[in-house]
Amino acid sequence: MTTEQQTKDRQLSKTRQWEQALVILYANFRDYSKKALDKFDEEDIHQTRVNSRKLLTLLSILDPEHTSGLYPVFKKSQKRLGKVRDADVLIASFKDRRQAAKQEGSKKVAGLLKAVIKHQKDKRKIYRRKLAEQLPRLVNKELDRLWDTFLREQLEPLVSKRDANVVMRELEVAFEQQKKTCKTIFREQDSGSGEAFEALHQLRIAAKELRYTASSASFALSQKFHAHEQMFQEIQDQLGLINDKRVWLETLDSIGREKLEIGRKTWNAFTDALRAEVLEALQQNEVVPVATRTKS
């Protein structure tokens, strides 16, 4: 066998690996999309979004210029699914909080949480309706046609030009740069500032990119990157806890006490406690250590 033939065979094998991974993810995305619109089951919504996210990750590696036309479709699907998923997570979390409040005998706090849950369920109905209207417009026969064309005509030349290991190194650099940005902000200003939280949010996104790339493209990555999925999952979890609590607080502020018909004392006590939780999660994170400041 000639050297040229060996090179062609290796390239063909590499393309087949990519194709196999992509085909499985696309089939999962299609199947879960149908299930998600059937009953809006939380796990089906979650799995549709996960498979969409993995497809976006692999397409970003192979086709960063988005020449296939596939990326914008999955991105729009991801955004619409995210609205429903975020509402699912908030409602589930506040249900747990309400149950704990009832067990503790905190009737007014339980009442506040009940009002928030009802408000978010009403919002979720709107998000679900929009998802039911818009997802079929995105995930349809036209998408299947684009997908088949991509696999048949574009995949092999794209695979020959791109290296997932290079992308991983670039993502590592971006993560470390964002981490330095966070440390600088925490040194120069209050760790509870809007800028500090936004910097942490961007760091969480960078960690998520690394985690999904390590997971989705594991078949194309060097051994040294195989531990990245677990490592960056843990980082994402820590930063996600901070972000979730901050989003909950912002959600409450956006609704407002008056709309929920909650007494000022109960409202202030709960929101103050939630702010304390946000700061506690911030100070306990091990990704970007935050020094506890003492008042002079």
Side-chain angles (χ1 to χ4, degrees), residues 7-29 47-79 81-82 143 146-147 149-182 199-240 243 287-288:
T7 301
K8 286 182 178 179
D9 288 347
R10 282 196 297 270
Q11 182 59 37
L12 182 61
S13 175
K14 186 178 177 182
T15 301
R16 293 292 171 265
Q17 284 184 310
W18 276 93
E19 183 177 14
Q20 183 179 24
L22 287 162
V23 166
I24 291 172
L25 290 174
Y26 187 72
N28 288 342
F29 172 73
Q47 288 301 327
T48 307
R49 196 158 180 254
V50 166
N51 282 280
S52 173
R53 177 70 189 187
K54 288 183 176 181
L55 284 166
L56 286 168
T57 298
L58 293 186
L59 287 171
S60 292
I61 295 172
L62 289 175
D63 185 22
E65 301 300 322
H66 311 319
T67 59
S68 69
L70 290 167
Y71 190 93
V73 177
F74 291 120
K75 191 67 176 177
K76 289 176 183 177
S77 301
Q78 182 82 353
K79 184 177 180 180
L81 288 159
L143 179 62
L146 281 175
W147 181 256
T149 300
F150 172 72
L151 293 181
R152 186 176 61 254
E153 299 178 7
Q154 297 173 274
L155 180 59
E156 187 170 354
L158 287 171
V159 168
S160 68
K161 297 174 185 177
R162 301 290 291 171
D163 185 344
N165 294 286
V166 173
V167 174
M168 279 294 285
R169 286 194 290 273
E170 291 171 348
L171 291 173
E172 282 182 318
V173 171
F175 177 83
E176 290 302 325
Q177 288 177 338
Q178 184 60 32
K179 191 172 179 179
K180 289 179 181 178
T181 298
C182 288
L200 272 183
H201 175 58
Q202 293 303 320
L203 186 64
R204 183 179 69 89
I205 291 173
K208 183 186 287 189
E209 289 285 346
L210 278 159
R211 170 201 160 201
Y212 268 100
T213 303
S215 171
S216 308
S218 60
F219 62 91
L221 291 171
S222 300
Q223 183 67 37
K224 65 179 180 179
F225 292 125
H226 287 184
H228 276 40
E229 181 180 2
Q230 180 61 36
M231 181 171 67
F232 283 98
Q233 172 72 68
E234 292 170 1
I235 290 171
Q236 186 186 335
D237 287 346
Q238 288 191 46
L239 299 179
N243 188 68
V287 185
V288 184

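No experiment lies behind these values; they were computed from the predicted model shown. Only heavy atoms go into these numbers, but all of them, side chains included; no hydrogens, no water, no symmetry mates.
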- Message: Checking L221 against M168 for the side-chain contact (heavy atoms from CB on, under 4.5 Å) test, could you report, in this order, the C-alpha distance in whole Å, the side-chain angles of both residues, the deciding distance, and whether it holds?
- Response: CA-CA 8 Å; L221 291 171; M168 279 294 285; 3.4 Å; yes
- Message: Restricting to side chain to side chain donor-acceptor pair (under 3.5 Å), what partner residues turn up for N165, sequence neighbours left out?
- Response: D163, S222
- What's the shortest heavy-atom distance between G69 and L146, and which atoms? O-CD1, 4.1 Å
- For N51, side chain to side chain contact (heavy atoms under 4.5 Å, CB included) partners two or more places apart: L25, N28, F29, Y32, Q47
- Note on the structure: Distance col, row L55:CG vs I24:CD1, nearest 0.5 angstrom, shows 11.0 Å
- Item | I235/F232 under side-chain contact (heavy atoms from CB on, under 4.5 Å): CA gap, chis, key distance, verdict | CA-CA 5 Å; I235 290 171; F232 283 98; 3.8 Å; yes
- Query: Can you check whether L155 reaches L22 side chain to side chain, under 4.5 Å on heavy atoms?
  - Reply: yes
- With sequence neighbours excluded, residues passing side chain to side chain donor-acceptor pair (under 3.5 Å) with E153: none
- Item | side chain to side chain donor-acceptor pair (under 3.5 Å) involving H226 - partner list, sequence neighbours excluded | Q223
- Working to the nearest 0.5 Å, report the span between CD of E156 and CD of E19. 9.5 Å
- Message: Do Q233 and R211 pair up side chain to side chain, a donor and an acceptor below 3.5 Å, judged on atom types alone?
- Response: yes
- Item | From CA spacing to verdict: side-chain contact (heavy atoms from CB on, under 4.5 Å), L143, L70 | CA-CA 7 Å; L143 179 62; L70 290 167; 3.7 Å; yes
- Query: Can you check whether T213's main-chain N or O pairs, donor with acceptor, with S216's side chain at less than 3.5 Å?
  - Reply: no
- Message: My understanding is that only residues two or more places apart in sequence, or in another chain, count here; which of them pass side chain to side chain donor-acceptor pair (under 3.5 Å) with S218?
- Response: none
- Query: With side chains defined as the heavy atoms from C-beta onward, is the minimum distance between L59 and F150 less than 4.5 Å?
  - Reply: yes
- Query: Which residue pairs pass the salt bridge (Lys or Arg N to Asp or Glu O under 4.0 Å) test when at least one of the two sits in residues 48-67, sequence neighbours left out?
  - Reply: R53-E209
- side-chain contact (heavy atoms from CB on, under 4.5 Å) between W147 and L151, worked out: CA-CA 6 Å; W147 181 256; L151 293 181; 3.3 Å; yes
Quick one: side chains of residues 171-179, donor-acceptor pairs under 3.5 Å with protein atoms, not counting sequence neighbours, listed by atom name and distance.
from, atom 1, to, atom 2, distance (Å)
E172, OE2, H228, NE2, 2.7
Q178, NE2, A199, O, 3.0

- Pairwise ring-ring contact (aromatic ring centres under 6.0 Å, His included) hits with a residue in residues 204-223, at least two apart: W18-F219
- Item | Flag side-chain contact, heavy atom, 4.5 Å: L239 against L203 | yes
- Query: Rounded to the nearest 0.5 Å, how far does CG of N243 lie from CZ of R204?
  - Reply: 4.0 Å
- Tell me the salt bridge (Lys or Arg N to Asp or Glu O under 4.0 Å) pairs involving residues 215-236, sequence neighbours left out? none
Without placing hydrogens or testing angles, list every side-chain donor-acceptor pair under 3.5 Å for residues 71-78, not counting sequence neighbours.
from, atom 1, to, atom 2, distance (Å)
S77, OG, V73, O, 3.0
Q78, OE1, S52, OG, 3.1

- Query: Rounded to the nearest 0.5 Å, what separation is found between the CD1 atom of I205 and the CG atom of L200?
  - Reply: 11.5 Å
